[in-house]
Number of protein chains: 2
Amino acid sequence: MTADTIREPLTRSSEDYLKAIFHLTQGGEAAGTTDLAQALDLAPASVSGMIKRLSEQGLLAHEPYRGVKLTAEGRRIALRMLRRHRVIESYLVARLDYSWDTVHDEAERLEHAVSDVLVERMAAALGNPLVDPHGDPIPGANGEMLELAHVPLSEVAVGDAVVVRRVDSADAARLRYIADAGLVPGTAVTVVDRQPFRGPMTVRAPSGERIVGHDLAALLLCSRGPR
Amino acid sequence: MTADTIREPLTRSSEDYLKAIFHLTQGGEAAGTTDLAQALDLAPASVSGMIKRLSEQGLLAHEPYRGVKLTAEGRRIALRMLRRHRVIESYLVARLDYSWDTVHDEAERLEHAVSDVLVERMAAALGNPLVDPHGDPIPGANGEMLELAHVPLSEVAVGDAVVVRRVDSADAARLRYIADAGLVPGTAVTVVDRQPFRGPMTVRAPSGERIVGHDLAALLLCSRGPR
DNA sequence: ATCAACACTTAGGATAAACTAAATTACCTG
DNA sequence: CAGGTAATTTAGTTTATCCTAAGTGTTGAT
């Protein structure tokens, strides 16, 4: 009986915290207050306060001085936000002429304002896509998400041929650079050379040979097969 | 030099106040605190407080105990919100299968979140429409608005033929009723009979003869000519 | 001309979310 | 294992927006 509390609608801030925590805990580790503060561009003390509120609402599991993880409910909400964000990005790019480097900020605001109905209409209009324009998987309406075994380009061996599937960045300038270099998702590339010690690598792409720095290569997630 | 202050972005609340004041002052009269409170579903005291803040920001002209009007700047912002709202409604109906009775609430939230770029993209995608699905004129990007000489159906004389152009209501149930009665904008109707003392009237529409109450007829704005 | 009713404003308080400054805890290093 | 550093939390303040309660202004009816 006490199980399903009547949940009052979350604030924008709360939604942003949950999203950020979701991202930070992708690796399985709890998210630290400072990391969260950095991700959200807030003072650590502000984050401590919000962590307390969200924990009281049952959305976070907080071990003081140890960090936070999402509860099942918190995770459900985070995935809903992620779905919204990625469906919106997909729709804006496909139907309203947005480019993949400018679409993030718009989606960041809209994701807090759209209704579930609108998200589903947009998804349906696009044929329920499984990935967004950056190659990121779009969680389903029930929270299930395609999990793909991608390898960062920075870890592909010399001689190997892979396909760029996903670009792990929201930075507009970086995304434009990647597009200009002809390394968008779907591009087949072969590693020609790799320098050690996080040095640059050389890849052959349809657009020609490119020298790619290690940090950038680490953001280009690739697959060997057709997916 | 002091003329153009750097204006920090308005809050959602402020935008809603400006919109409501715009509507209430359409007739030329100043808007009273109580009317505003009713329109926004807030306590009058809260409205007094916000009026003070918005006046200090130069968006309202407030005569204590006499009501408020918009300044030029306040009006500019209100028209921008109105454009957003009506462009969004138009887009959702045209492209995402919304019906005219459900679209209002969605637009009400989105109008605070969309960028100018997105609004213009949506408008362009629809060929820059001049009216929204309810027949309300959409202000231009520069604030100019088509002003049409419409007559409420409730004031059309017996025997006269007019075309419904605009429905002045945001209430979903009422809008559904109007659609069911076949009286959406664009419909040609002839007044067959009118009862006095705000009584019902009978009109002939393509869908058949309809008896329309006075209050509803007052919401159906009509024109005689092609517009 | 007064006063009751209503409209409006002021005063004071609550909540959410941010901040800074100060205190506390954890952990690594020597 | 003591101490220092970095991470975290607590305490107290600020801003925006709402509230209720109380006080003030306006006005129409007698």
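The model shown is predicted, which means the values in this text are computed figures rather than measured ones. When reading the values below, keep in mind they use all heavy atoms of this one structure, side chains included, and skip hydrogens, waters and symmetry mates. Just so it is clear: chains get the letters A, B, ... in the order the sequence lines come, proteins before strands, and each one is counted from 1.
- The residue from B:Arg166, B:Glu89, B:Arg165 that alone fulfils the side-chain hydrogen bond (donor to acceptor under 3.5 Å, both in side chains) condition with B:His134 is B:Glu89.
- For C:dT9, one of the phosphate oxygens OP1 or OP2 lies less than 4.0 angstrom from a side-chain nitrogen or oxygen of B:Thr33.
- A:Leu10 places its CG atom 13 Å from the C1' atom of C:dA16, with the value rounded to the nearest Å.
- Look at OH on B:Tyr65: it is 10 Å from P on C:dC8, rounded to the nearest Å.
- Atom CZ of A:Arg66 and atom P of C:dT24 are 19 Å apart (whole Å).
- The two residues B:Cys222 and B:Leu153 make their nearest non-hydrogen contact at SG-CB, 3.9 Å.
- For B:Gln26, the CD atom is densely surrounded, since the number of other residues' heavy atoms within 6.0 Å is greater than 12.
- Between A:His85 and A:His104, the gap from one ring centroid to the other is short of 6.0 Å.
- A cation-pi contact, defined as under 6.0 Å to the ring centre and within 45° of the axis, links A:Arg121 to B:Tyr98.
- Contacts of A:Gly32 with the nucleic acid, taken as non-hydrogen atoms under 4.0 Å apart, involve only primed sugar atoms and P, OP1 or OP2.
- At whole-Å resolution of the value, CD1 in B:Ile51 and P in C:dT9 are 6 Å apart.
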Please tabulate, one pair per line, each protein N/O and nucleotide N/O from nucleotides 17-21 of chain C that are separated by under 3.5 Å, including the distance.
residue: C:dA17; atom: OP1; partner: A:Thr11; partner atom: OG1; Å: 2.4
residue: C:dA17; atom: OP2; partner: A:Arg53; partner atom: NH1; Å: 2.8
residue: C:dA18; atom: OP1; partner: A:Ser13; partner atom: OG; Å: 3.1
residue: C:dA18; atom: OP2; partner: A:Tyr17; partner atom: OH; Å: 3.3
residue: C:dC19; atom: OP2; partner: A:Ala43; partner atom: N; Å: 3.0
residue: C:dC19; atom: OP2; partner: A:Ser46; partner atom: OG; Å: 2.3

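- Annotation: salt bridge (charged side-chain N to carboxylate O under 4.0 Å, His left out) contacts involving residues 9-29 of chain B, sequence neighbours excluded, comprise B:Lys19-B:Glu108, B:Lys19-B:Glu111.
- Side chain of A:Arg83 to backbone of A:Ala78: no donor-acceptor contact under 3.5 angstrom is found.
- Protein chain A contacts DNA chain D from D:dA7 to D:dT10, reading 5' to 3' and using non-hydrogen atoms of the protein with a distance under 4.0 Å.
- Between B:Arg174 and B:Val167, every side-chain heavy-atom pair lies at or beyond the 4.5 Å cut-off.
- Rounded to an integer number of Å, the gap from CG of B:Leu60 to C1' of C:dC8 is 16 Å.
- Note on B:His62: every side-chain N or O is 4.0 Å or more away from OP1 and OP2 of C:dC8.
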